[in-house]
Chemist: 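Dropping a structure here in structure tokens format, bear with me for questions.
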Amino acid sequence: MFEIFASLKLALDLMANGNAEFVRVVALSLELSLAAAVLGSAIGLPLGAIVAIGRFPGRRSLIVALNALLGLPSVVVGLVVYLMLSRAGPLGSWGLLFTPGAIVIAQTVLVIPIVAALARQVVEDAWNEYAEQLRSLGVGTGRAVRTLLWDTRFSLLTVALAGFGRAASEVGAVMIVGGNIDGVTRVMTTAIALETSKGDLPLALALGIVLILVVLAVNAGAYAIREWSAIRHG
Amino acid sequence: MAERPAALLRARDLTVVLGGVTVLDRLSLEILPGLRTVVLGANGAGKSVTLRALHGLVPPASGTVEWQGGRAPRQAMVFQRPVMLRRSALANVAYGLAVNGVDGEARDRRAREAIAKVGLEAIAHRPARVLSGGEQQRLALARAWALEPAILFLDEPTASLDPGAAGEVERIVAAIAAEGKRIVMTTHNLGQARRLADEIVFIHQGRVAEQTPADRFFAEPQSQHARAFLKGELPWT
Ligand SMILES: Nc1ncnc2c1ncn2[C@@H]1O[C@H](COP(=O)(O)OP(=O)(O)OP(=O)(O)O)[C@@H](O)[C@H]1O
Ligand SMILES: [Mg+2]
């Protein structure tokens with residue numbers, strides 16, 4: 001018990017004083033997770049919308065594939081990305097393994113199915129409401145996808161934030177493809193794992209607290225956006 | 001008897017099956033140019049499905065919808081509960097125009113004109129989905145009107161409106177008709193049907209029981225079902 005409080009005090013000191021290593025790890029974490037959330041949303045949101053309203057051959061297979069990806073252990077995703085990026089792999093020439101780029105790729109692969117699944121639900125609900133009206137106006141599938149993505153933009157922003165949360169809290173895949181290299185690919189989650197195993201609890205705890213705060217802030221933001229948009233736009 | 005003008009729209013033996021239920025059963029009717037048609041019938045008779053089928057939103061299991069000249073003209077529909085997009089009232093009108101290939105300055109001008117014609121200038125820039133039911137209904141009329149349709153389908157456009165708002169919608173529908181646009185609408189308000197209709201199509205259990213000039217319909221309905229309907233409904237007009 002005593003040790004926890006001692007660690008907590010040290011953790012707060014670390015945060016208050018802006019310890020250089022600590023700040024670097026937090027900043028890199030947020031930066032990479034943000035990039036992954038943006039990339040994953042750019043792919044996942046339209047994908048979800050197309051699956052929601054499109055009627056094309058292969059739609060069912062796509063849904064099954066996305067659902068499977070959703071349930072895939074992230075270390076397996078990490079392993080696959082590792083194999084793709086390793087020297088002998090098909091993308092080996094990119095030279096990305098053990099770089100921040102590799103982490104973004106792995107996180108993006110993990111973000112896409114979550115964003116697509118949530119977006120599909122959001123867009124499908126809207127489509128149930130809009131379908132006849134849009135068809136009556138003469139709207140084709142392509143424009144319908146764009147219209148629905150725009151009209152559900154506030155809900156989709158919260159979907160994207162969920163994607164960010166997923167990326168920020170990922171550890172297994174990031175460890176595999178990033179290698180947890182100090183100053184290069186060490187992010188909050190991998191640092192926590194490492195420091196804990198080394199017994200440096202204050203740093204691990206400080207990072208843990210920041211991670212919790214980030215996740216809380218993201219969720220509070222998502223909630224606020226929803227409330228505001230409901231009042232402002234109906 | 002004078003020769004009848006060619007029908008703008010002719011439905012022949014239209015049968016529509018939804019969820020395994022035959023909701024339109026060999027329904028036939030003719031929509032002649034230049035008249036205002038009001039479709040009457042009890043709840044569940046098939047009025048909404050008829051409008052949606054004529055508008056092309058519901059595929060018939062059998063039968064045909066034929067347009068004059070073999071090609072559907074520009075048409076629009078105002079639903080009982082219109083769906084507004086999450087953008088301003090004006091942008092909703094502009095959206096309909098954009099979809100139909102009207103761009104740039106012309107789109108802007110026509111959207112503004114349509115908004116003005118339904119008396120919504122003051123709230124043109126408000127988000128459409130927070131407007132009142134009556135305002136949304138007028139906005140839906142503006143969105144349809146802006147498209148300059150040859151025929152406009154309206155499904156109970158005044159269903160949940162107060163008398164003032166309903167009167168406003170009636171005035172707009174009359175103005176649209178006065179421009180030569182063909183009006184086909186449903187209502188449960190018989191007073192409104194009397195005011196707006198040139199002819200009545202009475203639907204009973206998915207079939208046209210009669211299609212009669214309005215004054216004649218209200219004086220002496222031709223079908224037994226319409227007679228029973230008018231007896232039951234008149235106290236509420
Ligand atoms: N999607 C559907 N699936 C199954 N049945 C349907 C569907 N849509 C309509 N129906 C049925 O078709 C029949 C006609 O419906 P419709 O909405 O056209 O009636 P209506 O004359 O417009 O009635 P109201 O005056 O209540 O609006 C009803 O019995 C209704 O239950
Ligand atoms: Mg109806």
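Just so you know, these numbers come straight off a predicted model, no measurement behind them. Residue numbering restarts at 1 for every chain, and letters A, B, ... go by the order of the sequence lines.
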Chemist: Please say which of B:Arg109, B:Arg110, B:Lys117 ends up in a salt bridge (charged side-chain N to carboxylate O under 4.0 Å, His left out) with B:Glu113.
Modeler: B:Arg109
Chemist: Under a 4.5 Å heavy-atom cut-off, does chain A meet the side chain of B:Ala144, its backbone, both or neither?
Modeler: neither
Chemist: Using non-hydrogen atoms and a 4.5 Å limit, figure out which bit of B:Leu147 sits close to chain A: side chain, backbone, both or neither.
Modeler: side chain
Chemist: With a 4.5 angstrom heavy-atom cut-off, is it the side chain or the backbone of A:Ile231 that approaches chain B, or both, or neither?
Modeler: backbone
Chemist: For chain A, find which of B:Leu131, B:Leu85, B:Val78 contributes the most heavy-atom pairs closer than 4.5 angstrom.
Modeler: B:Leu85
Chemist: B:Phe153 versus chain A, heavy atoms under 4.5 Å apart: side chain, backbone, both or neither?
Modeler: neither
Chemist: Under the salt bridge (Lys or Arg N to Asp or Glu O under 4.0 Å) rule, what do B:Glu199 and B:Arg182 come out as? Steps first, then yes or no, please.
Modeler: CA-CA 12 Å; B:Glu199 67 165 359; B:Arg182 196 64 179 72; 3.7 Å; yes
Chemist: Below 4.5 Å from any heavy atom of chain B, which atoms of A:Arg232 appear? Answer side chain, backbone, both or neither.
Modeler: both
Chemist: Is the shortest side-chain heavy-atom distance between B:Pro60 and B:Thr15 below 4.5 Å?
Modeler: no
Chemist: By a 4.5 Å heavy-atom criterion (distance strictly below it), what part of B:Arg126 contacts chain A: side chain, backbone, both, or neither?
Modeler: neither
Chemist: Can you find a pair of side-chain heavy atoms, one from B:Leu57 and one from B:Phe79, that are under 4.5 Å apart?
Modeler: yes
Chemist: Enumerate the side-chain hydrogen bond (donor to acceptor under 3.5 Å, both in side chains) contacts for residues 70-86 of chain B, please, sequence neighbours excluded, ordered by first and then second residue.
Modeler: B:His55-B:Gln75
Chemist: Do the charged groups of B:Lys181 and B:Glu148 touch, with an N to O distance under 4.0 Å?
Modeler: yes
